[in-house]
Amino acid sequence: MKNIPYGRQNITTEDIDAVIETLKSDYLTQGPKILEFEKAFANYIGSKYAVAVANGTAALHLCTLALDVKKEQKVITTPITFAASANCVRYCDGEVVFADIDPETYLIDYNAVEKLLKASPKGTYNGIIPVDFAGRAVDLEKFRALADEYNLWIIEDSCHSPGGFFVDSKGKEQNCGNGNFADLAIFSFHPVKHIASGEGGMVTTNDEALYHKLLQLRTHGIVKSEDAFTNSIEFAGGDTQYPLWYMEMQHLGFNYRLTDFQAALGLSQLSRADQGLARRRDIAATYLEAFKNQSFVKGQSGVIEGHAYHLYILEVEDRLGLYNYLRTKNIFAQIHYIPCHLMPYYRQFGWREGDMSQAEKYYKNCISLPMYPTLTAEEQQFVITSIHEFYD
Ligand SMILES: *Cc1c(COP(=O)(O)O)cnc(C)c1O
């Protein structure tokens with residue numbers, strides 16, 4: 001049996017053809033595929049705007065820049081996430097405040113966030129970065145109400161959940177990243193995520209002003225439209241109007257652009273996103289059935305409406321033993337995540353063991369099982385049998 005990783009991309013001949021076609025075109029970057037991908041992605045998610053960027057981390061950084069995060073501003077996030085969700089606050093010199101997870105959902109605990117907010121005067125915190133961890137959607141309707149009360153912005157980290165949704169109080173499905181509740185949302189197109197473009201990312205929003213800010217910051221803070229210029233026509237070298245070459249760098253931006261051939265790959269992948277999601281949900285249902293009522297299982301992802309199943313997680317006894325045993329079978333399970341607040345980098349700010357008891361308890365037992373659309377029924381059965389074998 002070949003290696004079975006925890007996640008992997010699915011590249012088809014259509015994907016390859018789409019990339020080759022773009023490689024033969026006039027534009028390798030800053031061409032038409034970017035806008036095409038952005039429009040198709042916004043349409044898929046249900047947001048007004050989308051901005052394609054170099055990767056998910058760049059997407060997060062552009063968000064904190066666009067929201068003007070600065071020194072001494074406090075932003076709340078979960079410790080059970082990829083470090084980038086927190087790091088984007090540090091890129092802007094802000095302070096990361098972790099709030100513990102809900103042990104049932106593994107998502108940032110609403111009550112823990114509320115408790116933090118209530119414990120300090122209003123204005124102490126500036127924003128919150130909830131993560132649709134493993135593919136399970138955060139109830140952002142609840143968080144939006146809280147954010148409004150405390151005047152906070154929300155960046156939704158939806159890297160795990162394109163196509164995921166929660167059901168709001170009116171019974172309506174609200175897609176992760178649709179911009180109805182969060183100010184900004186971000187996605188990644190790393191190969192283990194639902195849609196792969198090699199490296200790649202996207203910011204979605206319904207806020208037109210933020211959209212324009214993101215576009216500028218993605219390309220060095222440069223503006224090209226005449227009505228935005230602040231230098232004079234005379235300085236610019238024109239006579240009665242600005243010359244066509246003229247542009248202004250008005251903010252300190254970056255080069256966070258995606259290339260056109262990556263966008264072509266992303267677009268092609270996006271056209272199969274629903275298929276992939278359906279397969280992930282089938283795999284989850286099979287895992288649930290296989291591990292229901294097993295004495296070695298302390299918790300598991302289960303089958304949840306709207307879950308996008310980037311990961312399927314079990315909490316088990318003797319996690320180390322199982323992990324090592326699976327490796328002998330070429331099954332490469334993974335651990336998501338080592339609590340972010342206990343990374344050496346964050347310990348320097350005073351975070352210690354015991355600060356996030358639920359997250360730390362979860363970390364002791366969690367393991368992410370292979371989960372990707374091309375995982376065959378036979379391979380999944382092999383994973384399941386191997387796990388049962390280990391505990392027998
Ligand atoms: C993958 C991921 C990121 C970062 O995305 P990159 O494209 O790898 O930079 C951020 N947050 C979460 C939750 C992720 O899973």
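The structure presented is a predicted model; accordingly, all values stated were derived computationally and were not measured. As the structure lists them, so they are numbered: ligands from 1, and atoms in each ligand from 1. Hydrogens, waters and symmetry mates are skipped; everything else that's a heavy atom, side chains included, is used.
Judged by the 6.0 Å distance and 45° axis criteria, Arg319 is positioned over the aromatic ring of Tyr363.
Judged by the shortest distance from any of its heavy atoms, Gly201 lies outside the 4.0 Å radius around the atoms of ligand 1. Ligand 1 does not have Phe187 within reach: every non-hydrogen atom of the residue lies 4.0 Å or more from it. Using a 4.0 Å heavy-atom cutoff, His310 is absent from the residues neighbouring ligand 1.
Atoms of ligand 1 found under 4.0 Å from any heavy atom of Ser85, numbered from 1 in the order shown, are 11 (N). Of all the atoms in ligand 1, the ones that sit under 4.0 Å from a non-hydrogen atom of Tyr337 are 15 (O). Residue contact check: Asn55 has heavy atoms under 4.0 Å from atoms 7 (O), 9 (O) of ligand 1.
Shortest contact from atom 15 (O) of ligand 1 to any protein heavy atom: His160 NE2, 2.7 Å. For atom 8 (O) of ligand 1, the closest non-hydrogen atom on the protein side is Ser188 OG, 4.0 Å.
A salt bridge links Asp183 to Arg144: one of the charged nitrogens lies within less than 4.0 Å of a carboxylate oxygen.
Residues Tyr6 and Val192 share a closest heavy-atom pair of OH-CG2, 3.5 Å. The shortest non-hydrogen separation linking Leu152 to Ile128 is CD1-CG2, 4.2 Å.
Side-chain rings of Phe291 and Tyr312 stay apart, their centers remaining 6.0 Å or farther from each other. Aromatic ring centres of Phe229 and Tyr246: separated by under 6.0 Å.
Each of Gln358, Glu315, His336, Arg136 was compared with Tyr106 under the side-chain hydrogen bond (donor to acceptor under 3.5 Å, both in side chains) criterion, and only Glu315 meets it.
At least one N/O-N/O distance between Lys193 and ligand 1 falls below 3.5 Å. Between Gly56 and ligand 1, at least one pair of N/O atoms sits closer than 3.5 Å.
Of the options Asp157, Asn87, Thr57, Thr81, the smallest heavy-atom separation from atom 11 (N) of ligand 1 is shown by Asp157.
Hydrophobic clustering (side-chain heavy atoms under 4.5 Å, transitive across Ile, Leu, Val, Met, Phe, Trp, Tyr) keeps Met202 apart from Leu215.
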